[in-house]
Amino acid sequence: MRTIGLIGGMSWESSAEYYRLLNELVRERLGGLHSAKCILHSVDFAEIEELQVAGEWERAGEILAEAARGLQTAGADLLLICTNTMHKVAGQVEAAVSVPLLHLADATADAVRARGLTSVGLLGTAFTMEQAFYRDRLAGHGLEVLTPDDEGRALVHRVIYEELCLGVVREESRAAYQDVIGRLVAAGAEGVVLGCTEIELLIGEKDSPVPVFPTTRLHAEAAVNAALHAALSARHSDSPGDDRMKQ
């Protein structure tokens with residue numbers, strides 16, 4: 001099993017979900033007492049959020065790149081940035097290390113295409129919805145990406161930072177998100193990308209008339225697939241059935 005390096009803390013609420021999902025998925029795949037081999041570098045989100053608001057993305061990228069170097073030195077074989085928004089600096093992080101970075105938008109796009117969909121609504125922070133770095137990555141996989149109107153984007157962003165990042169889950173906010181989703185579906189969205197790792201604390205399949213794509217889970221699944229690929233291949237080749245096939 002390869003070791004997964006997590007650049008987390010943005011927020012720690014969603015990083016806790018990453019840790020839970022990684023361990024549950026490994027246990028499902030390998031059984032028994034197996035759990036994920038992982039290393040977490042958790043940053044101070046207040047510092048990162050200030051840099052986001054100030055538009056100092058290069059400095060924020062330096063902080064995450066330094067975290068990535070530390071994770072590689074500690075033994076990580078692959079890396080995850082445990083937040084959609086900070087994939088804006090994915091290039092800086094990739095340039096700082098020699099181990100692979102699994103891009104969250106790629107894992108998400110693969111899941112959307114596997115369902116046969118070509119048009120998705122995107123919910124996330126204002127940075128993710130309004131800037132090109134994430135939408136263009138999805139579009140590069142052949143997807144049409146729709147975002148809420150100005151009012152909807154402001155609502156989605158506010159709930160993320162003022163509620164979900166603080167662990168607050170309100171029914172009123174769930175209803176408001178459902179209304180935003182409904183408008184995206186009316187505009188042609190065949191599915192909805194939950195493009196902020198905290199949104200999964202609020203919205204699930206039952207809250208949407210079309211498929212939702214939970215980016216935290218999809219990212220964790222991609223990481224476990226990568227981490228276990230060699231281990232599962234070795235286990236398969238060592239099975240009695242394979243020995244008979246070789247004979």
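Heavy-atom basis, side chains included; hydrogens, waters and symmetry copies ignored. Here, residue 1 is the first one in the sequence, and each next residue gets the next number.
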### Task
Side-chain contact test, heavy atoms from C-beta onward, threshold under 4.5 Å: evaluate it for L122 versus Y134 and give yes or no.
yes

### Message
Tell me if the aromatic rings of Y18 and H219 count as close, with their centers under 6.0 Å from one another.
### Response
yes

### Query
Atom CD of E58 and atom CG of L51: how far apart are they, to the nearest 0.5 Å?
11.5 Å

#### Entry: Lys/Arg-Asp/Glu bridge criterion (N-O < 4.0 Å) met for E130, R135
no

### Task
For N23 and A36, work out which heavy atoms get closest and say how close.
OD1-N, 2.9 Å

### Query
Would L79 and L71 count as a side-chain contact (heavy atoms from CB on, under 4.5 Å) if you check the C-alpha gap in whole Å, the side-chain angles of each, and the deciding distance to 0.1 Å?
CA-CA 8 Å; L79 298 177; L71 289 168; 3.9 Å; yes

### Check: I199 and V212 side chains under 4.5 Å, non-hydrogen atoms
no

### Query
Are L78 and Y19 connected, step by step, through hydrophobic side chains (Ile, Leu, Val, Met, Phe, Trp, Tyr) whose heavy atoms are closer than 4.5 Å?
no

### Query
Should H87 and V93 count as side-chain neighbours, where that means a heavy-atom distance under 4.5 Å?
no

## Note on the structure
Scanning both residues in full, the closest heavy-atom pair of A189 with V210 reads O-CG1, 4.1 Å

### Query
Could you give the distance from CD (E221) to CG (L21), rounded to the nearest 0.5 Å?
8.0 Å

### Message
Working note: M86 + I7, criterion side-chain contact (heavy atoms from CB on, under 4.5 Å); need CA distance, chi angles, decisive distance, verdict.
### Response
CA-CA 10 Å; M86 292 311 295; I7 305 174; over 6 Å; no

### Message
Check for me, please, whether I48 and I81 land in the same ILVMFWY cluster - side-chain distances under 4.5 Å, paths through other members count.
### Response
yes

### Query
Is the number of heavy atoms from other residues, nucleotides or ligands within 6.0 Å of CZ (R113) greater than 12?
no

### Task
Find out whether Y161 and F45 are in side-chain contact, i.e. whether some heavy atom of one side chain is under 4.5 Å from a heavy atom of the other.
yes

### Query
Do you know the tightest heavy-atom contact between A126 and H157?
N-ND1, 2.8 Å

### Query
Is a side-chain N or O of T85 found less than 3.5 angstrom from the main chain of T128, in a donor-acceptor match?
no

### Query
Between Q72 (side chain) and V99 (backbone), is there a donor-acceptor pair under 3.5 Å?
yes

### Task
Search all heavy atoms of L184 against all heavy atoms of G121 and return the closest pair with its distance.
CD1-CA, 4.0 Å

### Message
Determine whether a donor-acceptor pair (N or O, by modelled atom type, separation under 3.5 Å) exists between the side chain of R27 and the backbone of S35.
### Response
no

### Query
If you measure from CD on E190 to OG1 on T118, what distance do you get to the nearest 0.5 Å?
4.0 Å

## Note on the structure
Separation between CD1 (I63) and CD (E47), nearest 0.5 Å, reads 4.0 Å

### Query
Any donor and acceptor pair, going by atom type alone, linking the side chain of E17 with main-chain N or O of T197 inside 3.5 Å?
no

### Task
Check the pair H141, D110 against side-chain contact (heavy atoms from CB on, under 4.5 Å), reporting the backbone distance first and the verdict last.
CA-CA 8 Å; H141 289 268; D110 288 345; 4.1 Å; yes

### Task
Determine whether L155 and L201 fall in the same hydrophobic cluster, where Ile, Leu, Val, Met, Phe, Trp and Tyr are linked whenever their side-chain heavy atoms lie under 4.5 Å apart.
yes

#### Entry: Contact check, side chains of M10 and V43, non-hydrogen atoms, under 4.5 Å
yes

### Query
Side chains of S14 and E198: is there a donor and an acceptor less than 3.5 Å apart?
yes

### Query
Partners of E56 by salt bridge (charged side-chain N to carboxylate O under 4.0 Å, His left out), sequence neighbours excluded?
none

### Message
For E205, is the CD atom crowded, meaning more than 12 foreign heavy atoms sit under 6.0 Å from it?
### Response
yes

### Message
Check for me, please, whether V112 and L138 land in the same ILVMFWY cluster - side-chain distances under 4.5 Å, paths through other members count.
### Response
yes

### Message
Can a donor-acceptor pair be found, under 3.5 Å and without considering hydrogens, that links the side chain of H41 to the backbone of G70?
### Response
no

### Query
Counting distance only, does the side-chain N/O of R153 pair as donor-acceptor with the main-chain N or O of T147 below 3.5 Å?
no

#### Entry: Spacing of CD1 belonging to I203 relative to SG belonging to C196, to within rounding of 0.5 Å
12.0 Å

#### Entry: Output field: ring centroids W57/F127 closer than 6.0 Å
yes

### Message
Between V120 and T108, is there a side-chain heavy-atom distance shorter than 4.5 Å?
### Response
no

### Query
Does S208 use its side chain to pair, donor to acceptor, with the backbone of G204 at less than 3.5 Å?
no

### Message
Can you confirm whether E172 is buried at CD, in the sense that more than 12 heavy atoms of other residues, nucleotides or ligands lie under 6.0 Å from that atom?
### Response
yes

### Query
Nearest heavy-atom pair of L102 and A223: which atoms, and what distance?
CD1-CA, 3.6 Å

### Summary
For I181 and P209 the tightest heavy-atom approach is CG2-CD, 4.0 Å

### Task
Please examine the side chains of V193 and L143, heavy atoms only from C-beta on, and report whether any two atoms are closer than 4.5 Å.
no

### Task
Calculate, to the nearest 0.5 Å, the distance between atoms CH2 and OG belonging to W12 and S42 respectively.
10.0 Å

### Task
Could you give me the CA-CA distance, side-chain angles and deciding distance for T215 and E200, then say whether side-chain contact (heavy atoms from CB on, under 4.5 Å) is met?
CA-CA 8 Å; T215 55; E200 289 157 67; 3.7 Å; yes

### Query
Quick one: are E163 and V169 in side-chain contact, heavy atoms under 4.5 Å?
no

